[in-house]
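Chain letters run A, B, ... following the sequence lines, proteins first, then strands; residues in each count from 1.
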Protein chains: 2
Amino acid sequence: MDGKFESYFKAAVSVDNVVFGFDHTGLKVLLIYRGADPYRNCWALPGDLISLDTNLIDSAEKVLQDLTGLEEIYMEQIHTFGKVDRHPYGRVFTVAYFALIKIEDYHLHPSSWAEEAAWFPISEIPDLPFDHNEILAFAKEQLKSKIRRQPIGFELLPKHFTLTELQSLYESILETEFDVRNFRKKILSMDFISDTGLKQTSVTHRPAKLYKYNAKRYSNLINTGFAFDL
Amino acid sequence: MDGKFESYFKAAVSVDNVVFGFDHTGLKVLLIYRGADPYRNCWALPGDLISLDTNLIDSAEKVLQDLTGLEEIYMEQIHTFGKVDRHPYGRVFTVAYFALIKIEDYHLHPSSWAEEAAWFPISEIPDLPFDHNEILAFAKEQLKSKIRRQPIGFELLPKHFTLTELQSLYESILETEFDVRNFRKKILSMDFISDTGLKQTSVTHRPAKLYKYNAKRYSNLINTGFAFDL
DNA sequence: CGAATATATTGTAAAAAATACAATAATTAA
DNA sequence: TTAATTATTGTATTTTTTACAATATATTCG
């Protein structure tokens, strides 16, 4: 390569993760309280600059791993943001990912760059630095559209869940309501959610049956041309 | 900023465009014959390194503009590729876009970096440099999934088109076949394709009616909760 | 133990959408 | 006028979606 390319090799690339979690109060996003400049002492999306010797996806996974201590997190690249002035230190492109985690598996895992992390209800997100509010809005739309066509909702629920919980998850994310009977009919007819034979315990009313998602059955269905669509 | 960030600002970012076109022989992709290193004298996706003072989308649009001479091209970001060794000159991330153009509006528009450009049928794509075959495969899947849920197919057709052409477009992209009667019933029931009152000329058989896409009607429908799904 | 409370579970009829299927119409060319 | 070629259209059947409310199972409290 001759010198005419030099001026291009002065950009940085970061990853930013929109980490979703879900509990009985609704959909939540994990934010970190920045302990370093720029935007020290602000809530922001967890992210990091990428070292030149690290693959994109590895970098995104490492951020998540450091933050949550969890392995095998469901992640998906959503969009790359690259406005000229989005970062005060220079030209930084950021590749955004969304991640879905089981909120009850999450244990706070202090890392060197995050003083603190906390779950924020999706409807109570503060002003975020950089273009993080824009990224979050994008991620929310992506999740909404994705969850209707792929069985990824289960990533947000415990291994065993009730149909009421499942319905509530879909209702939160899609911002709509379903008829209880029709929702159950449809979900169960898809044949990849199976009864565990177990029931809820420690509830003060009729306990619900516990179900689990059967990924193997789902991929069998896909191979026969089945298309999930809620 | 202090010196500890310096090592991150040594990456380059490029854009690569997967430009789709369609005619009676099927779906096509526009490739350029590279006149400069690296990979001089290879067919490749049209793309360019991004200057530090250029926004991502502006850069992608400029590549298309220089290549086709067309304005207002339908473009959409699809994915960012960033494997460590994907570029021989250093760490280059590339943001891939797909673009849909009306193939008959396209006139070859020689640009400084492209010696030649040509349409390749989607089934006859040669080996491409970098990870361009991977990018192309990704774009094809994206187009397939997108075209079922958004009325973007019209971007590939002339302003006035026959229902047979429209059906053939969908069949090419989705790699399936539709029943003629059912396809027409469904498309026309969606109410945003209107009869122009015109007919084909210079055909040696019964001429077909010419229709046009009505974007205004489509957005009205969307606002009433309508969801396009083919 | 019975009643009150709370949530879970289930079926059916009507409407809408998807599917399967083939005859007729309009044009040019011979 | 006929042959050739493609365009256009309808209907009956099946499947899916929708709308709608009564009964079941557990706990807690008198």
Side-chain angles (χ1 to χ4, degrees), chain A residues 23-26 147-149 151 157-158 160-172 174-212 221 224-230, chain B residues 23-26 147-149 151 157-158 160-172 174-212 221 224-230:
Chain A
D23 66 16
H24 65 282
T25 68
I147 203 173
R148 290 192 41 210
R149 313 188 200 296
L157 291 176
H160 293 172
F161 51 84
T162 69
L163 294 183
T164 302
E165 285 164 348
L166 186 63
Q167 178 170 354
S168 155
L169 170 68
Y170 277 97
E171 290 181 340
S172 294
L174 296 174
E175 299 176 286
T176 183
E177 291 189 4
F178 295 103
D179 174 86
V180 191
R181 285 160 291 190
N182 294 340
F183 178 84
R184 285 164 180 244
K185 221 182 306 170
K186 182 149 188 183
I187 280 286
L188 292 175
S189 77
M190 293 201 259
D191 213 42
F192 50 78
I193 291 175
S194 41
D195 191 336
T196 61
L198 303 172
K199 286 185 179 178
Q200 274 183 318
T201 53
S202 339
V203 287
T204 173
H205 51 75
R206 176 174 179 178
K209 293 192 204 171
L210 291 167
Y211 291 82
K212 65 181 175 191
L221 281 174
T224 65
F226 165 87
F228 179 81
D229 200 334
L230 202 78
Chain B
D23 66 17
H24 64 282
T25 68
I147 203 173
R148 289 191 43 210
R149 312 187 201 295
L157 292 176
H160 292 172
F161 51 85
T162 69
L163 294 183
T164 303
E165 286 165 347
L166 186 63
Q167 179 171 353
S168 155
L169 170 68
Y170 277 99
E171 289 180 340
S172 293
L174 296 175
E175 298 176 287
T176 184
E177 292 189 3
F178 296 102
D179 174 86
V180 191
R181 287 159 289 191
N182 295 339
F183 178 84
R184 285 164 181 245
K185 221 181 307 172
K186 182 148 186 181
I187 280 285
L188 292 175
S189 77
M190 293 200 258
D191 213 43
F192 50 79
I193 292 176
S194 41
D195 192 336
T196 62
L198 304 170
K199 286 184 179 180
Q200 273 183 319
T201 54
S202 341
V203 287
T204 173
H205 51 75
R206 176 175 178 178
K209 292 191 203 171
L210 291 167
Y211 292 81
K212 65 182 176 189
L221 282 173
T224 64
F226 164 87
F228 179 80
D229 199 334
L230 203 79

Heavy-atom nearest nucleotide on DNA chain C taken for A:Asp179 and for A:Gln200; more 5' hit belongs to A:Gln200
Separation between CG of A:Leu230 and CG of A:Leu174, rounded to the nearest 0.5 Å = 7.0 Å
Atom-to-atom span, CG of A:Asp229 to C1' of C:dA18 - whole angstrom = 14 Å
If you round to the nearest 0.5 Å, how far is CG of A:Asp23 from CD of A:Glu165?
-> 10.5 Å
Distance, nearest 0.5 Å, that separates CG of A:Leu157 from NZ of A:Lys212 = 15.0 Å
Looking at every strand, decide which applies to B:Thr164 at a 4.0 Å heavy-atom threshold: base, sugar-phosphate, or nothing.
-> sugar-phosphate
Nucleotide N/O to protein N/O under 3.5 Å, stretch nucleotides 21-25 of chain D:
residue	atom	partner	partner atom	Å
D:dA24	N3	A:Arg206	NH1	2.8
D:dT25	O4'	A:Arg206	NE	3.1

Among the nucleotides D:dT28, D:dT8, C:dA29, which one has an atom lying closest to any side-chain atom of B:Lys209?
-> D:dT8
Roughly how many Å is it from CD1 in A:Ile187 to P in D:dT17, rounded to a whole number?
-> 12 Å
Length of the CZ-P vector between B:Phe178 and C:dC21, whole Å | 17 Å
Review item, nucleotides 12-17 of chain C N/O atoms under 3.5 Å of protein N/O:
residue	atom	partner	partner atom	Å
C:dT12	O4	A:Lys185	NZ	2.8

Donor-acceptor pair, A:Thr196 side chain versus A:Leu210 backbone, under 3.5 Å?
-> yes
Write down the distance between CZ (A:Phe183) and C1' (C:dG11), rounded to a whole number of angstrom.
-> 18 Å
Would you please confirm or rule out a distance under 4.0 Å between OP1 or OP2 of D:dT5 and any side-chain N or O of B:Thr204?
-> no
Could you tell me the separation between the CD atom of A:Glu177 and the P atom of D:dT18, rounded to a whole number of Å?
-> 15 Å
Would a distance-only check, ignoring hydrogens and angles, find a side-chain to backbone donor-acceptor pair under 3.5 Å from B:Lys209 to B:Leu163?
-> no
Has the side chain of B:Ser172 got a donor or acceptor atom that lies under 3.5 Å from a matching backbone atom of B:Ser168?
-> yes
Output all residues satisfying salt bridge (charged side-chain N to carboxylate O under 4.0 Å, His left out) with B:Arg206, sequence neighbours left out; order by chain, then residue number.
-> none
Whole Å only: how far is the CZ atom of B:Arg184 from the P atom of C:dT24?
-> 18 Å
Within-4.5 Å side-chain heavy-atom neighbours: B:Asp191 and B:Phe226 = no
Whole-Å gap separating P (D:dA7) and CG (B:Leu210) = 11 Å
Here the gap from A:Gln167 atom CD to A:Leu169 atom CG, rounded to the nearest 0.5 Å, amounts to 10.5 Å
